[in-house]
Amino acid sequence: MMWQKTWIVAFTAWSLVNLAQAENWPAWRGAKGDGISQETNLPEVFSHERNVTWKTPLPGPGNSTPIVWEEHVFLTCATENGKVRSLFCLDRNTGRIRWRYSAAYPDQESAHSDNPYCSGSPTTDGTLVYASFDSAGVVACDFSGKVIWRRDLGKLKHVFGPSSTPVLYKNLLIVHRGPGEPTHIVALDKRTGATVWDTPEKGIDDKLYGSWSTPVIYQVNGRDEFALSMPGELKGYDPQTGKELWKCAGLGPSNYPDTAVAGDVLIGVSGFQKSMMAIRMGGRGVLDESARLWHVEKTQQRIGSGVAKAGYLYLSNAPGIAECVEVATGKTVWKERLGGNLWGSVLCAGERLYVANTEGKIFVMAASPQFELLATNDLGEHIKAAIAPSDGQLFVRTYENLYCVGRRR
């Protein structure tokens, strides 16, 4: 009987390891909002035909990222020039569309050709799935497509258009609504949609001013906070109340990437070739320059969010250049040209980095202070969305299709 007990123990251990690796991807940057996956055996080599499990044509272009929960894949997409904004649920195994919820918005809303409507990704807690359609409101559906609640939070206005991805925190759904007029951060009861708190921020309808960042939750001294890279400054808030806890000047006026969390360090990254800076967590009030761990005055244009791992920050620069920065000093360790227009946000899975350019190439690099390009995979379709991993597969949204790459474990 001893061999049976040994086999059972070994099988149980193997099952637990594989369950830990077979993760859901419930938000556009993963469960922790940091772009890091625990998966270690994701596809490295593929194309628009090779290693593709399925691909599903999409009714319109978009920048939002798919999310995955067990047998469900969720995605937002706009049609009719933004007058119809939809949340799709697809079958994870076949790519078949299970259901579609659509919100009509007949009014005009400003946007940019590089930022189509429905740029915000959906979010799920495994029971409900949430989507923000900007001026067309916020919706919560169950996994059968039934609308549980819907809120109209008012019209947003910015020349480049908004991009709002909800963030779940305990019983709250936190939405950064901006970047123009108005701009505010609102927390809704995730079960009912009722407003719990609403924090106003300065908003200007100008192409050189605004923040498209998503709140990032982190823990410091036993407390939960969230950070946002806002125009001109990095800011921290209490997620329970929306109260501003601290702020530190030093960012540019336009910020696209999310704040990076690297241990006890927060890194704010600007767009339009402006600054990047790091501060230690735990500050309070108005922080001066002495609170900065480091500050880089001028950088390359950055749209996508970076990822921090083992003391290094990996960034994608819009001119087609990937970069590795030392978290402790802000110094560039390596900077290498990948090619094209590098708008994608970086995904880290195990010891690999994945990032896409707008021309449809997905680059796989080593997550290492020594640059190594492992693979270049060409889908040949326009990409601005981040890449979503789950259970051995990659989900890639292009302007034409949603791809499922690789075999499920």
Side-chain angles (χ1 to χ4, degrees), residues 33-34 158 162 164 167 169 172 174-187 195-299 302 305-306 308 313 315 325-331:
D34 57 5
H158 192 275
S164 187
V167 172
Y169 174 76
L172 300 179
I174 301 173
V175 187
H176 174 208
R177 303 186 77 241
E181 302 170 330
T183 290
H184 61 136
I185 312 162
V186 60
T195 299
V196 177
W197 53 258
D198 193 340
T199 300
E201 291 287 346
K202 181 180 179 180
I204 301 174
D205 182 15
D206 186 273
K207 64 181 181 179
L208 296 179
Y209 188 94
S211 171
W212 290 259
S213 292
T214 295
V216 177
I217 307 289
Y218 62 92
Q219 291 76 41
V220 56
N221 299 327
R223 300 185 305 269
D224 294 331
E225 302 178 5
F226 72 85
L228 269 172
S229 296
M230 299 297 282
E233 55 194 4
L234 188 58
K235 301 182 76 169
Y237 305 80
D238 182 340
Q240 298 276 20
T241 65
K243 178 184 176 183
E244 180 186 298
L245 299 175
W246 58 265
K247 61 183 178 182
C248 185
L251 292 182
S254 296
N255 302 307
Y256 307 109
D258 290 354
T259 306
V261 179
D264 63 350
V265 175
L266 299 170
I267 304 172
V269 181
S270 302
F272 280 108
Q273 304 177 53
K274 298 298 183 181
S275 56
M276 176 174 66
M277 71 179 192
I279 67 167
R280 296 277 183 197
M281 296 175 183
R284 285 293 181 268
V286 179
L287 307 179
D288 59 22
E289 293 182 7
S290 65
R292 300 176 189 162
L293 188 61
W294 48 261
H295 184 265
V296 177
E297 189 67 34
K298 186 175 177 60
T299 65
R302 289 167 180 155
S305 297
L313 176 67
L315 297 160
V325 172
E326 188 177 47
V327 169
T329 64
K331 294 181 179 178

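One is the number of the first residue; the rest follow in order along the sequence.
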Taking [X] for the side chain and [Y] for the main chain, is one N or O donor matched with an acceptor at less than 3.5 Å?
{"X": "Ser270", "Y": "Ser275", "result": "yes"}
{"X": "Asp264", "Y": "Met281", "result": "no"}
{"X": "Ser229", "Y": "Asp258", "result": "no"}
{"X": "Asp238", "Y": "Gln240", "result": "yes"}
{"X": "Trp197", "Y": "Ile185", "result": "no"}
{"X": "Asp198", "Y": "Val186", "result": "no"}

- Message: Walk me through whether Met276 and Leu315 qualify under side chain to side chain contact (heavy atoms under 4.5 Å, CB included).
- Response: CA-CA 11 Å; Met276 176 174 66; Leu315 297 160; 3.9 Å; yes

Is there side-chain contact between [X] and [Y], with heavy atoms separated by less than 4.5 Å?
{"X": "Val265", "Y": "Ile279", "result": "no"}
{"X": "Tyr256", "Y": "Val269", "result": "no"}
{"X": "Ser254", "Y": "Lys274", "result": "no"}
{"X": "Val286", "Y": "Lys247", "result": "yes"}
{"X": "Leu251", "Y": "Glu233", "result": "no"}
{"X": "Pro239", "Y": "Ile174", "result": "yes"}

Between atom [atom1] of [X] and atom [atom2] of [Y], what is the distance when rounded to the nearest 0.5 Å?
{"X": "Arg284", "Y": "Trp246", "atom1": "CZ", "atom2": "CH2", "answer": "9.5 Å"}
{"X": "His184", "Y": "Thr199", "atom1": "NE2", "atom2": "OG1", "answer": "10.0 Å"}
{"X": "Leu245", "Y": "Glu225", "atom1": "CG", "atom2": "CD", "answer": "5.0 Å"}
{"X": "Leu234", "Y": "Thr259", "atom1": "CG", "atom2": "OG1", "answer": "5.0 Å"}
{"X": "Leu293", "Y": "Arg280", "atom1": "CG", "atom2": "CZ", "answer": "5.0 Å"}
{"X": "Phe226", "Y": "His176", "atom1": "CZ", "atom2": "NE2", "answer": "9.0 Å"}

Taking all atoms of both residues into account, what is the closest heavy-atom pair of [X] and [Y], and its distance?
{"X": "Val327", "Y": "Trp294", "answer": "O-NE1, 2.7 Å"}
{"X": "Pro231", "Y": "Ser211", "answer": "CD-CB, 3.8 Å"}
{"X": "Thr183", "Y": "Gly178", "answer": "OG1-CA, 3.7 Å"}
{"X": "Lys202", "Y": "Tyr209", "answer": "CD-OH, 3.4 Å"}
{"X": "Gly282", "Y": "Asn221", "answer": "CA-ND2, 4.4 Å"}

- Task: Could you walk me through whether Asp205 and His158 pass the side chain to side chain contact (heavy atoms under 4.5 Å, CB included) test, one step at a time?
- Result: CA-CA 5 Å; Asp205 182 15; His158 192 275; 4.1 Å; yes

- Can you list the steps and then say if Val261 with Asp34 is a side chain to side chain contact (heavy atoms under 4.5 Å, CB included)? CA-CA 7 Å; Val261 179; Asp34 57 5; 5.6 Å; no

- Message: Under the criterion side chain to side chain contact (heavy atoms under 4.5 Å, CB included), I'd like the reasoning laid out for Cys248 against Met277: C-alpha separation, chi angles, the key distance, then a yes or no.
- Response: CA-CA 10 Å; Cys248 185; Met277 71 179 192; 4.0 Å; yes

- Task: Before accepting this row, confirm whether a basic side-chain N of the pair Glu297/Arg292 lies closer than 4.0 Å to the acidic partner's carboxylate O.
- Result: no

- Query: Within a radius of less than 6.0 Å around NZ of Lys235, do more than 12 heavy atoms belonging to other residues, nucleotides or ligands occur?
  - Reply: yes

